[in-house]
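Have a look at the structure below, then the notes.
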Amino acid sequence: MLSISREWKRLVNATHNRRINYLSMAGSTALPSTLFTQTSSISFPFHKIPCKFSSPSSIFDVEKRVLARCWAKKKISFVDQILDYIEGGPKLRKWYGAPDLRPRDASDEIDEEEEDEFPEEARDAVLVTNGDSEIGQMVILSLIVKRTRIKALVKDKRNAMESFGTYVESMAGDTGNKTFLKKALRGVRAIICPSEGFISNVGSLKGVQHVILLSQLSVYGGSGGIQALMKGNARKLAEQDEATLIASGIPYTIIRAGMLQNTPGGKGFRFEQGCATNGSLSKEDAASICVEALDSTPKKGLIFEVANGEEKVSDWKELFTRLMEKTEQ
């Protein structure tokens, strides 16, 4: 009689009854090749139910007289798959010295990290960059009111969770990291950038259908003297963002706002060229315009200036249509 390790005996003994039940349900089916050896026969006297194996095939006799002809096959049967879970899976089989149920081939050698860890999903989310900034939070609150699915890039994920709860999928990480960026963009149809620095820092925005950028380029360009020197880096960043977005091929809306101020919104607007250079715009209004722009995606791109003024806007879609037509002329 072949000597069998105690661990293997204990394993077989613990799962034997379960095997009988599965065989009873399945009828005549292939038994796992785990129990095959090159010896002529093996018996297990430690179990009440007699079971014998003969090579290359065997007759398994149980109290219910269930007969199952066993052949060692490369293809895994349904019962073998069930037993893999009962016995702890293929790794445990290997630990106890049992053979693999399937031969390894080239397809088994594929590195899981190289596979697509983030499968495509419905693109119905809006990604807000710099989501923990003042304007970013205003944008998020406006999107929550519209019942929009929101993803936000933040610096402090815990603080964002406390502020917005489950209404927002807050994400913290390095946007220069391709894996993080891919995860952040999964399911995203549009991006709202309430400040400069994101567009020129990332690579591909594949799959995104609309990008809205709140730019202060007009303000930086109108600065002179010491202020021009102080805002030189900010101006350069704004120029890089706008240039990168225009060259991306993704439909875009660039909102060149006047000097952003902490004043109440809803007073009115100006949209003529040059208004942003010397004008100002409430941060509340800036956030509102970014959100309203989501419903008006241009064919290629739209760039316009805005500051607070006298014009009241009751239909934002009509306004954006007018601005697009003016740009195309």
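Here the structure is a predicted model, which means the values were calculated and not measured.
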Side chains of Lys312 and Phe269 in contact at under 4.5 Å (non-hydrogen atoms): no
Using distance alone, with no hydrogens and no angle criterion, decide if Asp285 and Asn308 have a side-chain donor and acceptor under 3.5 Å apart. yes
Expected output: side-chain Ser133 to main-chain Asn130 donor-acceptor under 3.5 Å: yes
Output for pair (Asn278 CG, Met259 CE), nearest 0.5 Å, gives 10.0 Å
Any link between Met138 and Ile140 through a network of hydrophobic side chains (Ile, Leu, Val, Met, Phe, Trp, Tyr) touching at under 4.5 Å? no
Is it true that atom CD of Glu318 has more than 12 heavy atoms of other residues, nucleotides or ligands lying nearer than 6.0 Å? yes
Considering the options Glu305, Glu272, Glu242, which one meets the salt bridge (Lys or Arg N to Asp or Glu O under 4.0 Å) requirement together with Arg256? Glu242
Search all heavy atoms of Ser215 against all heavy atoms of Ala238 and return the closest pair with its distance. OG-CB, 4.4 Å
CG of Leu323 to CH2 of Trp316, rounded to nearest 0.5 Å, is 9.0 Å
Is a side-chain N or O of Arg123 found less than 3.5 angstrom from the main chain of Val188, in a donor-acceptor match? yes
Between Phe180 and Leu153, is any pair of side-chain heavy atoms under 4.5 Å apart? yes
State which residue, out of Ile212, Leu281, Ile303, Ile192, fulfils the side-chain contact (heavy atoms from CB on, under 4.5 Å) condition with Ile255. Ile212
Same apolar cluster (I L V M F W Y, side chains within < 4.5 Å links), Ile144/Met161: no
Min side-chain heavy-atom separation Asn262-Lys283 under 4.5 Å: yes
Yes or no on side-chain contact (heavy atoms from CB on, under 4.5 Å) for Leu185 and Leu127, after CA distance, side-chain angles and deciding distance? CA-CA 7 Å; Leu185 294 178; Leu127 176 67; 3.8 Å; yes
Run the salt-bridge test on Arg149 and Asp124 with the 4.0 Å N-O cut-off and return the result as yes or no. yes
With no hydrogens and no angle check, is any side-chain donor or acceptor of Glu169 less than 3.5 Å from a backbone partner on Lys151? no
Ile246 versus Ile254: any side-chain heavy-atom pair under 4.5 Å? yes
So, the side chain of Thr244 versus the backbone of Gln240: is there a donor-acceptor pair under 3.5 Å, distance only? yes
Val306 versus Ala276, closest heavy-atom pair with distance: O-CB, 4.1 Å
Measuring from Ile135:CD1 to Cys290:SG, what's the distance to the nearest 0.5 Å? 7.5 Å
Between the NZ atom in Lys182 and the CG atom in Asn177, the distance rounded to the nearest 0.5 Å is 12.0 Å
Evaluate the side-chain proximity of Ile199 to Tyr252: yes if any heavy-atom separation is below 4.5 Å, no if none is. no
Is Val211 close to Thr253 at the side-chain level, that is, under 4.5 Å between some pair of heavy atoms? no
Here the pair of heavy atoms bringing Ala286 nearest to Leu260 is CB-CD2, 3.8 Å
I'd like to know if the side chain of Ser282 reaches the main chain of Glu284, judged simply by a donor and an acceptor atom lying under 3.5 Å from each other, with no hydrogens or angles considered. yes
Atom CG in Asn201, atom OG1 in Thr175: separation rounded to 0.5 Å? 4.0 Å
Answer yes or no: is there an ion pair linking Arg235 with Glu239, defined by an N-O contact shorter than 4.0 Å? yes
Any sub-3.5 Å donor-acceptor pair from Glu196's side-chain atoms to Gln216's backbone N or O? yes
Same cluster for Ile191 and Ile250 if Ile/Leu/Val/Met/Phe/Trp/Tyr side chains link at under 4.5 Å? yes
Check whether any side-chain heavy atom of Met171 sits under 4.5 Å from a side-chain heavy atom of Lys157, and report yes or no. no
Would you give the length of the straight line joining atom NZ of Lys236 to atom OG of Ser200, rounded to the nearest 0.5 angstrom? 10.5 Å
Locate the shortest heavy-atom distance separating Val291 from Ser142; write the atom from each residue and the value. CG2-CB, 3.7 Å
Which atom of Pro194 lies closest to which atom of Leu214, heavy atoms considered: O-CD2, 3.6 Å
Do the charged groups of Glu310 and Arg270 touch, with an N to O distance under 4.0 Å? no
Relative to the ring of Phe304, is the ring of Phe320 parallel (under 30°), tilted (30 to 60°) or perpendicular (over 60°)? perpendicular
Taking a hydrophobic cluster as the set of Ile, Leu, Val, Met, Phe, Trp and Tyr residues connected by side-chain heavy atoms closer than 4.5 Å, whether directly or through intermediates, do Leu141 and Leu294 fall within one such cluster? yes
Residues, nucleotides or ligands: over 12 heavy atoms within 6.0 Å of Tyr167 OH: no
Between Asp241 and Gly197, is there a donor-acceptor pair closer than 3.5 Å when you use the side chain of the first and the backbone of the second? yes
Is there side-chain contact between Leu143 and Val128, with at least one heavy-atom pair below 4.5 Å? yes
Return the minimal non-hydrogen interatomic distance between Cys193 and Phe198, and the atom names on each side. SG-CD2, 3.9 Å
Is there a continuous path of hydrophobic side-chain contacts, each under 4.5 Å between heavy atoms, that joins Val202 to Val154? no
